[in-house]
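Counting starts at 1 for both ligands and their atoms, in listed order. This chain uses plain numbering: 1 for the first residue, then up along the sequence.
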Amino acid sequence: RKFNVAVVGVTGAVGEEMLRVMEEVDFPVAKLVPLASKRSAGSSVEYKGKEYTVQELTEDIFEKEDIEIALFSAGGSVSAHYAPYAAEAGAVVIDNTSHFRMDPEVPLVVPEVNPEDIAAWKTKGIIANPNCSTIQMVQALKPLDEKFGITRVDVATYQATSGAGKSAMDEMVNQMKDFFNFKLDESEKKKFPHQIALNVIPQIDKFLDNGYTKEEMKMVNETKKIMHKNIEVSATCVRVPVLRGHSEAVTVWCEKDITPEAAKEALYNGKNIVVMDEPQKSIYPMPITVVDKNETYVGRIRKDVYRDNVLHMWVVADNLRVGAATNAVRIALKWIEMESA
Ligand code: A2P
Ligand code: 11C
């Protein structure tokens with residue numbers, strides 16, 4: 001059976017990618033309803049070679065269009081206000097923002113890790129999609145946890161500008177152009193706390209009272225909720241001048257001893273994981289490796305110098321796909337499978 005699907009925020013960096021991923025998996029769409037703000041209502045988007053007119057997101061659009069699946073990616077405040085209207089109209093909301101993630105009545109799902117949590121969707125009608133940096137990390141952690149029992153993770157991220165949306169990507173590109181025109185001083189610096197071109201910024205989102213940023217605490221709290229386990233996580237999240245693809249240096253502490261060979265074997269069996277690890281040939285994943293890919297890539301797998309139960313690895317994924325659109329579409333497909341069982 002096919003479904004009436006709304007994509008909210010369809011003109012955004014993630015929204016556009018939602019359509020591409022849905023095309024690729026041949027998503028069972030009966031009717032597609034692309035939604036955005038008043039600003040882009042009337043513009044068009046392409047899906048499977050056909051033009052669709054973008055409509056303005058309103059409170060009653062979900063009821064009017066008889067929407068059954070609503071993919072939201074237009075920011076936390078938009079989801080906070082409009083997702084309940086979609087749910088009320090009988091749709092399952094798959095929300096890409098942080099707004100509902102830690103709500104105990106809303107499942108937070110990475111289909112490769114905790115698909116069974118989708119079953120609890122009915123309470124609020126909403127399933128939350130985790131933060132991009134959390135998704136790729138837990139995908140790599142899951143097969144290791146099953147075999148070696150993870151107790152602690154220390155992670156440093158290298159996050160692309162697209163995580164902050166289209167205008168943030170533009171801001172970086174404009175700063176690069178301005179650099180070559182000797183005008184970098186005058187370049188707009190609005191989306192990040194500092195210049196991002198030719199720089200790295202150890203701040204993503206706001207700082208909290210504990211000295212960590214909101215982005216860092218998302219990795220801490222979301223990992224526990226998804227993995228149903230009190231894993232200690234400490235994160236340092238850094239913005240780098242990359243357009244697309246988040247990278248993470250991950251240190252995993254385990255109950256059992258862990259060798260790189262055994263870790264690789266576990267990762268080979270992990271779902272949607274690609275092991276790319278031939279350091280002698282300079283083969284390892286990088287942001288340019290993963291653009292438009294739907295898998296999470298792992299390389300630089302090595303033992304700790306001191307401890308037999310500690311492993312280091314490098315985890316890279318397309319933040320707009322694996323970290324957002326692909327995860328949302330996979331949740332939707334799993335939801336369809338579970339609902340029609
Ligand atoms: P619009 O194009 O009308 O501004 P990004 O994450 O790349 O910045 O994209 C944000 C997405 O969210 C865009 O599709 C944007 O639409 C949409 N959006 C932002 N604010 C609203 C709103 N108040 N109502 C509906 N869609 C919104
Ligand atoms: C970034 N991870 O890379 C952030 C964006 O909680 O969905 C994602 C924010 C979120 O800037």
Side-chain donor-acceptor pair present, [X], [Y], cut-off under 3.5 Å:
X: Asn131; Y: Ser98; result: no
X: Thr151; Y: Glu232; result: no
X: Asn181; Y: Asp178; result: no
X: Glu65; Y: Gln55; result: yes
X: Asn327; Y: Asn129; result: yes

Below 4.0 angstrom from a heavy atom of [X], which ligand 1 atoms are there? Numbered from 1 as shown, please.
X: Ala74; result: 12 (O), 17 (C), 18 (N), 19 (C), 26 (N), 27 (C)
X: Thr11; result: 1 (P), 2 (O), 13 (C), 14 (O), 15 (C), 16 (O)
X: Lys166; result: 5 (P), 7 (O), 8 (O)

Starting from [atom], which protein heavy atom do you reach first, and at what distance in Å?
atom: atom 9 (O) of ligand 1; answer: Gly12 CA, 3.1 Å
atom: atom 5 (C) of ligand 2; answer: Gly163 O, 3.1 Å
atom: atom 20 (N) of ligand 1; answer: Arg39 NH2, 3.4 Å
atom: atom 11 (O) of ligand 2; answer: Arg239 NH2, 2.6 Å
atom: atom 9 (C) of ligand 2; answer: Lys218 NZ, 3.5 Å

What part of Leu57 sits under 4.0 Å from ligand 1 if we count only heavy atoms: the side chain, the backbone, both or neither? side chain
With a heavy-atom distance limit of 4.0 Å, tell me whether Val8 approaches ligand 1 through its side chain, its backbone, both, or neither. neither
Hey, is ligand 2 close enough to Asn131 that some N/O pair sits below 3.5 Å? yes
Are any of the side-chain nitrogens in Lys334 or Glu337 under 4.0 Å away from the carboxylate oxygens of its partner? yes
Which of the listed options, [options], holds the heavy atom that is closest to [atom]?
atom: atom 3 (O) of ligand 1; options: Ala164, Pro34, Ser37; value: Ser37
atom: atom 1 (P) of ligand 1; options: Gly75, Ala41, Ser162, Ser40; value: Ser40
atom: atom 3 (O) of ligand 2; options: Arg101, Lys214, Gln159, His99; value: Gln159

Test salt bridge (charged side-chain N to carboxylate O under 4.0 Å, His left out) on Glu112 and Lys271; report intermediate values, then the result. CA-CA 6 Å; Glu112 294 84 349; Lys271 288 193 199 104; over 6 Å; no
Is ligand 2 less than 4.0 angstrom away from at least one heavy atom of Asn319? no
Can you sort out which atoms of ligand 2 are near Ser98, meaning under 4.0 Å from one of its heavy atoms? 6 (O)
With salt bridge (charged side-chain N to carboxylate O under 4.0 Å, His left out) as the criterion, how do Asp26 and Lys48 come out once you've worked through the C-alpha distance, each side chain's angles and the decisive distance to 0.1 Å? CA-CA 9 Å; Asp26 197 16; Lys48 289 195 166 175; 2.4 Å; yes
Side-chain donor-acceptor contacts of residues 74-83 below 3.5 Å, not counting sequence neighbours, with atom names and distances?
from	atom 1	to	atom 2	distance (Å)
Ser79	OG	Asp95	OD1	2.6
His81	NE2	Glu59	OE2	2.8

